[in-house]
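Worksheet: the structure to be examined is printed underneath.
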Amino acid sequence: MAGNPAVNSEPAKRKLAGYEFYREVLGSPKYVVAPMVDQSELAWRRLSRRYGAQLIYTPMINAKIWADSTNKVIRSSFFDLDTGEEGDPTTDRPLIVQFCGNDPDKLLKSAKALEDRCDAVDINLGCPQEIAKKGKYGAFLQDDWDLIYKLINILHVNLSIPVTAKFRVFSTVEKTVEYAKMLERAGAQILTCHGRLREQRGQNAGLADWAKIRAVKESVSVPVFANGNILFQSDIEKCLRETGCDGVMSAEGQLYNAALFSGLAQDFASKLVASKSSSSPSAESSHSPLSLALSQHPRHSDLALEYLDIVKSLKTRTSVSAIKGHLFKIMRPALSRETDLRERLGKVVIKKTGSYADGVLQPYVDICLEMKERMDRDEKQAEGKSLDELVTIDEVTGFRVLPHWLAQPYWRPPRPAVSVVPAKRTNGTGEDRGRDEGKKAKLDLLASSAVASPNHQVVAPVIAPVEAPVVTV
């Protein structure tokens, strides 16, 4: 019939779900970077994809704030719609945008505004920090299952893309499993299970319980990502094996070493077999223990400079706090030794206006270049030594400590045993809130190591949860 718009004859695009979505849209990712406030920003996402990350979540966005369209500056700090770089189909996908909130209507309004800039929307049900308690979101929703169901279901019914959920476990396997089943019934198409309790945070983080994660995986029919206890690449395979999960999500483990997932997507086993079958010196050297270590743990000064190059190349402005935070974490192995550089890094003040491409970040670049010069010096002095000779074992933790010029994990020290439980139950000071990133990193650098077993795998109180914001939103 003449006059009918051609668009009417086109079938509506079908929304994929569950494993179909996981495979066809996301590409079956196994190596996932967690949502981290002020840390999984666009520049870090670009760097992470270069080093093997297959799926990345944005920093948590407060749905209540985003729903207010008058908060233009704050909204752009969460997700910049104007430059077109965030969520770009060719350079920033696959991408899941994470929201926190407790109002279904405001959550839907905010999610609708970004549904064409990402592949899915995630609901934060895992943040354990005081700010989440005061705002009633994150892990402090886990006692209100009816509200959680509504939050997930309204997105499931009304968005053109899937909704996912990231949550923490309960004290029992049974309640954890029932919780996960409820999230699936509400419409969550991927579940990320952080194997820690709501009370496990900061220096009291303790261990993530992989057994509970496995129970969740076995009880639902949608893909499940495991989160917790990942320091080295060897932990990733162990986690996938012990939990049966479809992927591993890393937070701080990946922040201290952006190359945590490097090379894993390739058939690494076949390359090792090929190298052993070849007698050529070049084949042997290309897969030497030292070259393998460098592929998994690059020189941290190079990573820092690469990150700054990405920041300068973007039209999307990276927050100064994010930049400083990343540099402290990336170069941490040496900053505990090069204390003058640590002090300089902490004191750098960057203008909030002006283009990063115009040299505004030069103080950071200069510090990283000087760090590189010193690390090259130390590496040269170690020439001729084998990797075994360069690696030490921490006498307290039993963890492997790599040469200080290489990127490597960090585990936070626990509080003294006598004050662990009472402090967390009665102290409402929220000591992580609003702490200056430089001061926080310097305190971390001076702290002692956590207690762990020699196999470094899953028995240390390794990483503090990083879902929580370090600034008030």
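Just so it is clear, the values below take in all heavy atoms, side chains as well, and ignore hydrogens, waters and symmetry mates.
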Open item on the list: With a 4.5 Å cut-off on side-chain heavy atoms, are Phe261 and Val32 touching?
Closed with: no
Task: Check: Ala322 main-chain N/O paired with Trp44 side-chain donor or acceptor under 3.5 Å - done: no
Task: Check ion pair Lys329-Glu252 (N to O, under 4.0 angstrom) - done: no
Open item on the list: Quick check on side-chain contact (heavy atoms from CB on, under 4.5 Å): which of Ile154, Leu155, Leu159, Asn153 does Val157 satisfy it with?
Closed with: Asn153
Task: salt_bridge(Asp92, Arg117) N-O dist < 4.0 Å - done: no
Open item on the list: Check this for me: does any side-chain nitrogen of one of Asp394 and Arg400 sit under 4.0 Å from a carboxylate oxygen of the other?
Closed with: no
Task: From NE2 (His326) to CG (Leu303), nearest 0.5 Å - done: 12.0 Å
Task: Leu314 CG to Thr83 OG1 distance, which is reported to the nearest 0.5 Å - done: 8.0 Å
Open item on the list: I'd like to know if Asp302 pairs up with Lys372 as an ion pair, taking the criterion as any Lys NZ or Arg NE/NH1/NH2 lying under 4.0 Å from an Asp or Glu carboxylate oxygen.
Closed with: yes
Open item on the list: Parallel, tilted or perpendicular, judged at 30° and 60°: which one describes the rings of Tyr22 and Phe225?
Closed with: tilted
TODO: Look at the side chain of Gln200 and the backbone N and O of Leu197, then say whether any donor-acceptor pair between them is shorter than 3.5 Å.
DONE: yes
Open item on the list: On a heavy-atom basis, which atom in Leu240 and which in Cys245 lie closest, and how many Å separate them?
Closed with: CD2-O, 3.5 Å
Task: Check: Asp122 side chain, Val97 main-chain N or O, donor-acceptor pair, under 3.5 Å - done: no
Task: Interatomic spacing from NZ in Lys385 to CD in Glu379 - rounded to 0.5 Å - done: 12.5 Å
TODO: For the residue pair Gln142 and Leu125, establish whether any side-chain heavy-atom pair is separated by less than 4.5 Å.
DONE: no
Task: Short side-chain donor-acceptor distance under 3.5 Å, Thr318 and Glu41 - done: no
Task: Closest contact, heavy atoms only, Ala17 versus Gln189 - done: CB-OE1, 3.0 Å
Open item on the list: Determine whether a donor-acceptor pair (N or O, by modelled atom type, separation under 3.5 Å) exists between the side chain of Asn257 and the backbone of His297.
Closed with: no
Open item on the list: Under a plain distance cut-off of 3.5 Å, with no hydrogens placed, do Asn124 and Gln98 share a side-chain donor-acceptor pair?
Closed with: yes
Open item on the list: Whether the Gln129 and Arg201 side chains hold a donor-acceptor pair (N or O, under 3.5 Å, no angle test) is what I'd like checked.
Closed with: yes
Open item on the list: What I'd like to find out is whether the side chain of Phe328 reaches to under 4.5 Å of the side chain of Leu335, using heavy atoms alone.
Closed with: yes
Open item on the list: Does either side chain, that of Gln254 or that of Ser48, offer a donor lying less than 3.5 Å from an acceptor on the other one?
Closed with: yes
TODO: Give a yes-or-no answer on whether the side chains of Ser386 and Asp388 include a donor-acceptor pair shorter than 3.5 Å.
DONE: no
Task: Heavy-atom side-chain contact between Tyr31 and Leu260 under 4.5 Å - done: no
Task: Modelled atom types, side-chain donor and acceptor of Asp82 and Ser76, under 3.5 Å - done: no
TODO: Taking the six-membered ring for Trp and the full ring for Phe, Tyr or His, determine whether the centres of Trp145 and Tyr179 are under 6.0 Å apart.
DONE: yes
Task: Nearest non-hydrogen partners of Tyr51 and Pro298, listed with the distance - done: CE2-CG, 4.2 Å
Open item on the list: Could you report the tightest heavy-atom contact between Ala43 and Val311, atom names first, then the distance?
Closed with: CB-CG2, 3.7 Å
TODO: Spell out, as yes or no, whether a donor-acceptor pair under 3.5 Å connects the side chain of Gln408 to the backbone of Leu406.
DONE: yes
Task: Pair Lys217 + Asp246: basic N to acidic O under 4.0 Å - done: yes
TODO: Decide yes or no for Ile152 and Leu183: does some side-chain heavy atom of the first lie under 4.5 Å from some side-chain heavy atom of the second?
DONE: yes
Open item on the list: Salt bridge check, Arg14 against Glu20: does any charged N sit closer than 4.0 Å to a carboxylate O?
Closed with: yes
Open item on the list: Counting the benzene-type ring for Trp, do Trp405 and His300 have ring centres under 6.0 Å apart?
Closed with: no
TODO: Indicate the atoms forming the closest heavy-atom contact of Ile230 with Cys239, along with that distance.
DONE: CD1-CB, 3.9 Å
Task: Heavy-atom neighbours of Lys112 NZ exceed 12 at 6.0 Å - done: yes
- [ ] Please answer whether the main-chain N or O of Ser171 pairs with a side-chain N or O of Lys212 as donor and acceptor at a distance below 3.5 Å.
- [x] yes
Open item on the list: Could you check whether Asn227 and Lys166, counting side-chain N and O atoms only, form a donor-acceptor pair closer than 3.5 Å?
Closed with: yes
Task: Within-4.5 Å side-chain heavy-atom neighbours: Met36 and Tyr57 - done: no
TODO: Give the minimum heavy-atom separation between Arg196 and Leu207, together with the two atoms involved.
DONE: CG-O, 3.8 Å
TODO: For residues Pro104 and Leu147, determine if any side-chain heavy atom of one lies less than 4.5 Å from a side-chain heavy atom of the other.
DONE: yes
Open item on the list: Side chains of Ser295 and Ser262 only: does a donor on one sit below 3.5 Å from an acceptor on the other?
Closed with: no
- [ ] Verify the neighbour count for atom CD of Glu389: are there more than 12 heavy atoms of other residues, nucleotides or ligands below 6.0 Å?
- [x] yes
- [ ] State plainly whether the residues Lys238 and Asp235 are in salt-bridge range, i.e. N to O under 4.0 Å.
- [x] no
Open item on the list: Less than 3.5 Å apart, any donor N or O on the side chain of Ser221 or Glu184 sitting next to an acceptor on the other?
Closed with: yes
Open item on the list: Check this for me, if you would: do Asp209 and Arg168 make a salt bridge, where the nitrogen-to-carboxylate-oxygen distance has to be below 4.0 angstrom?
Closed with: no
Task: Donor-acceptor pair, side chain of Ser219 and main chain of Val216, under 3.5 angstrom - done: yes
Open item on the list: With heavy-atom distances below 4.5 Å as the criterion, would you say the side chains of Cys118 and Ile161 are in contact?
Closed with: yes
